[in-house]
Amino acid sequence: MAGASGRLAWCRCLSAVRSPLQVVCFPALKLHVSGAAMRASLKDLENAVNQVKLLKKDPGNEVKLKLYALYKQATEGPCNMPKPGVFDLINKAKWEAWNALGSLPEETARQNYVDLVSSLSSSSESSSQVKPGADKEHAGYGTLVVTSEDGITKIMLNRPTRKNAISTQMYQEIILALKAASQDDSAITVLTGNGDFYCSGNDLTNVTDTPLGGIEEKAKNSTNLLRDFVASFIDFPKPLIAVVNGPAVGIAVTLLGLFDIVYASDRATFHTPFSHLGLSPEGCSSYTFPKIMGPTKATEMLTFGKKLTAREACAQGLVTEVFPDATFQKEVWTRLTAYAKLPSNVLRISKQVIRNREKEKLHSVNVEESSIIQGRFLSEESMNAVMNFLSKRAKL
Ligand SMILES: CCCC/C=C/CC(=O)SCCNC(=O)CCNC(=O)[C@H](O)C(C)(C)COP(=O)(O)OP(=O)(O)OC[C@H]1O[C@@H](n2cnc3c(N)ncnc32)[C@H](O)[C@@H]1OP(=O)(O)O
């Protein structure tokens, strides 16, 4: 079905996505997907395409890319174009958005497109009036989008083109965002990812900014940062919820053992390839994972790098509940909005009653894991794994 409609969408998107800078800089929009019956017709798709032209508010380049990808998938099926070159940034962003949909069926893509446009139309209508409780974006973050609304502070990892890999700046900003959220008046705090990934773990290019003191100093700085980062999750005083919108890797997975609820899209996967990277478990996973899933399942994941589907992770207790990707955002946010209406002081007390007796133990595990991984950062296996990734010879 690669006909005129497909070419039209490509042209439409070319004019919509003006510069790669805008792709990263536009504030991300919440993608509430309607739970309407999964039966959008071709006519519905055509109507939705026309509706996009009538939007009062520019939805931002992230959303335009999503619309582009869904339209291509709905009309042409899985991505059938060669990957554009590294310098062709706009076409590469579009290719990545389409390719990320994998083998999503055409009817589902059509339905998702229609649902997305309908959610944009309603948010565009209501955005013309300033309503109480509207999203309040916290300024000052470069790698995150932090908002507070309806008793929920949402910390969204916002490096979608790097699969939300955690750069040094992002580690520092998450520590700051958690500190601020622990003191604000929201009832619950949510961590999620922008784009098709939840998070691809530690940014492997972090190692390239080696200080004057050389790699030993780099390893020490990384270890201190890791320890402080994990400590800010251990100490977080109110319910902390992970909304795992897509694949999670490395430290993004291990930390889940410190969350109070983990909701996952059925597109999410959970992968801790530490041995492949010459690393050792962190994020208190050497303690939390055996407790959550038993030592043998924990060993399969942490030592042998077994990747789990969302349903497997749920069966093993790492994930609380799995939702179909098409209705994930709508179902999860409806549920969280209801939870956040409960008395916030009681939620805080309840979390602390459940978690506090473990805190001291978790801190000592964190210190121990951090000191072990410091040696691993300097190991030949770890350095080779990073160099292989950076020179594009290896991927997970
Ligand atoms: C300081 C504390 C240290 C704590 C230690 C923590 C341990 C860990 O977290 S271990 C896990 C580390 N993560 C990885 O090893 C993941 C590496 N990435 C990949 O294998 C793949 O990128 C992927 C499987 C996550 C995704 O593959 P896919 O084909 O879908 O997308 P790509 O084209 O590869 O990705 C797009 C773009 O993003 C870059 N990127 C993705 N993940 C990372 C990362 N973790 N670090 C640095 N860069 C990453 C990727 O290179 C691509 O860049 P280009 O467009 O320039 O090619």
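Because the structure is a prediction, the values reported are computed rather than measured. First listed ligand is number 1; within each ligand, the first listed atom is number 1.
Atoms OG1 and CG, from T288 and L302 in turn, are 8.0 Å apart once rounded to the nearest 0.5 Å.
Numbered from 1 in the order shown, with element, the atoms of ligand 1 that lie under 4.0 Å from a heavy atom of F197 read 25 (C), 26 (C). Every atom of ligand 1 is numbered from 1 in the order shown, and the set under 4.0 Å from a heavy atom of S200 is 12 (C), 13 (N), 14 (C), 16 (C), 25 (C), 41 (C), 42 (N), 43 (C), 44 (C), 45 (N). Every atom of ligand 1 with a heavy atom of L277 under 4.0 Å away is listed here by number and element: 10 (S), 11 (C), 12 (C), 15 (O). Close contacts between ligand 1 and F377 involve ligand atoms 3 (C) [criterion: under 4.0 Å to a heavy atom]. Of all atoms in ligand 1, listed by their number and element, those nearer than 4.0 Å to a heavy atom of A165 are 43 (C), 44 (C), 45 (N), 46 (N). Counting the atoms of ligand 1 from 1 in the order shown, those under 4.0 Å from a heavy atom of G201 are 9 (O).
Taking any N or O of N202, backbone or side chain, at least one lies under 3.5 Å from an N or O belonging to ligand 1. Looking at ligand 1, you'll find an N or O of I251 within less than 3.5 Å of one of its N or O atoms. For ligand 1, the polar-atom distance check against S222 finds no nitrogen or oxygen pair separated by under 3.5 Å.
Below 30°, between 30° and 60°, or above 60°: for F259 and F233 the angle between ring planes is between 30° and 60°, a tilted geometry.
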Ignoring hydrogens and angles, write down the donor-acceptor pairs under 3.5 Å from the side chains of residues 172-180, residues two or more places apart or on other chains.
| residue | atom | partner | partner atom | Å |
| --- | --- | --- | --- | --- |
| E173 | OE1 | G142 | N | 3.1 |
| E173 | OE1 | T143 | N | 2.8 |
| E173 | OE1 | T143 | OG1 | 2.7 |
| E173 | OE2 | G142 | N | 3.0 |
| E173 | OE2 | Q169 | NE2 | 3.0 |

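Using a 4.0 Å cutoff on heavy atoms, T161 counts as a contact of ligand 1. At a 4.0 Å cut-off, at least one heavy atom of D203 sits close enough to ligand 1 to count as contact. Using a 4.0 Å heavy-atom cutoff, L225 is absent from the residues neighbouring ligand 1.
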Walk me through whether R348 and N345 qualify under side-chain hydrogen bond (donor to acceptor under 3.5 Å, both in side chains).
CA-CA 5 Å; R348 193 184 266 260; N345 59 330; over 6 Å; no
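A continuous path of hydrophobic side-chain contacts links I188 to V243 [ILVMFWY only; heavy atoms under 4.5 Å].
In summary, the side chains of Y171 and N202 do present a donor paired with an acceptor at a separation below 3.5 Å, with no hydrogens or angles considered.
Taking a cutoff of 4.0 Å between a charged side-chain nitrogen and a carboxylate oxygen, E381 and R376 qualify as a salt bridge.
Distances from atom 39 (C) of ligand 1 to the heavy atoms of K83, R376, K163, R162 show the closest one on R162.
Contacts of E96 classified as salt bridge (charged side-chain N to carboxylate O under 4.0 Å, His left out), with partners at least two apart in sequence or in another chain: K92.
Contact check for F270 versus M301: side-chain heavy atoms found under the 4.5 Å cut-off.
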